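Structure record follows, encoded as C-alpha cells.
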Amino acid sequence: MKAAVCHEFGKPLSVEEVLLEAPQEGEVKVRVKATAICHSDIHCIRGELGGPVPGIPGHETAGYVEEVGKGVTSVRVGDPVLVTTVTSGCGQCYYCKIGLPHLCERHKPRPFHHRTMSGQPLGAMAGPVGGLAEYTVVSEKQLAVIPPDFPMDRASLISCGVLTGYGAVFNRAHVQPLSSVVVMGTGGVGLNAIQAAALAGAKPVIAVDILDSKLEMARTFGATHFVNSKTVADPIKAVKEMTAGRGADYVFITVGSAAAVKQGVFMSAPRGMTVIIGLVPMKEQVCFGSFDLIGGERVLTGCGGGSARLSIDIPRIVDLYQAGQLKLDELITGHYKLKDVNEAIESTEKGQALRNIIMFD
Ligand SMILES: [Zn+2]
Ligand SMILES: [Zn+2]
C-alpha cells in the first residue's frame, strides 16, 4: 500500500510503499477514500507542532471499514465511516458519564501500525489517523458511521474542519440566539464556525480576516458584518462599534497565532468567552496581565476536536447537510490524487484553497 510520508520537517512528502500491521483488539482497518488537507497537517509537516518523524499526516478522513480487530462491536466490514481525531469515550469514566466523552480519562494514545518497507515505525501526525495512506488502522472509538449514499469527499471535511467549527459553537461555547459572535480567520474551520453561529441564531456574526475575497466568502456562510484587520485602523475598535461598544459575547480564534488570540480576547465583551480553535505554534506564548481577565471577567478557553460527542454531532451535521442547511460543497477547492499530494499542500499553504481533498481509488 502507498502512503505520503514526512521524513524530515519542512520537506515535501514522499509518496512511497509502506507496511501496515493488522488491527488489534478494539481497532479497525479502514480503506481510505478521501482525506482533506487541513492547516494542522501543514503545521505538523513544517515541524511547528512537534510530532513524530517519520510520520504520516492527514486526519480529515473518510473511508470504508476493511477489517475489524477482536472485540469491535460498533462497526462492521463495509460500513462507510468518518475517521476523527476525537474519541467516543469508554462510557464508564467521570467525563464520559457527564456527557463529555472527548475528555475520556481512559483514552490513551493507541500504538500506530504503519511501518516503512525497512520496518521503521511511522507515527501519525496531526491526530491519530494517518489519513494520507491507502489504508490505516485506528481505534473503533474514533469512527462514526455515515449513510451509505453520503459523498466521501464531503464526509472527509466533517471529520475535522466542520466538526471543529460547529462543535466550538454548539458544544464548547453554547452560543445563545441573538448573542454577538466574532470569528477570526475565515478558512475552512472559520467558515464552519460562522455557519454554525448563524444556525445558532447569533447576531451579529462578525467575520475578521485580512482578505476581502475571504470576507466575501464568509458572507455566503452567514456572516453579517466584516472587519478587514489589515486595512482597518483598529480591528478591536471596529468590533466594538458593531456590538454597542461592548465587544462580542463569543470570539472564536481559528488563526494559529498568539497575536490573534490576544487581539481576540480584547474583542470580547465583559463576561464574553474567547475560544482558541486554531493551533498556535508551540514556540509562541500568549501573555496577559491578570487585570485583562479580572476586570471584565472574560473567559479564555480552548476547544479540541469540537468537544464532540460523535454519536450525537455527526448525525446532526449529516442531517443539516442533507436538508440544505449546512454548506459542505462550497468548502471544496480541488480534488487530487495521492501522487500529487505536495501540489495540494502547496496550494493550501499559499492560501489558494479552502480544502483540497486527496481522493483514493
Ligand atoms: Zn484538521
Ligand atoms: Zn471515559
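Bear in mind that the values here come from a model prediction, so they are computed numbers and not experimental data. Remember, it's 1-based here, ligands and their atoms both numbered in the order they're listed.
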Do NZ/NE/NH1/NH2 and the carboxylate oxygens of [X] and [Y] come within less than 4.0 Å?
X      : Y      : value
Glu21  : Arg115 : yes
Glu134 : Arg31  : no
Arg46  : Glu349 : yes

task = Carefully, step by step, assess Phe9 and Val53 under the rule side chain to side chain contact (heavy atoms under 4.5 Å, CB included).
result = CA-CA 8 Å; Phe9 290 136; Val53 159; 3.2 Å; yes
query = Once rounded to 10°, what is the value of the angle centred on the Zn ion (ligand 1) between His59 NE2 and Cys160 SG?
reply = 110°
request  = Under 2.8 Å from the Zn ion (ligand 2), which protein N, O or S atoms are there? Could you list them by chain and number?
outcome  = Cys90 SG, Cys93 SG, Cys96 SG, Cys104 SG
request  = Mind checking side chain to side chain contact (heavy atoms under 4.5 Å, CB included) for Ala124 and listing every partner two or more places apart, or none if nothing turns up?
outcome  = Phe112
Short side-chain to backbone donor-acceptor contact, Asp41 and Gly58, under 3.5 Å = yes
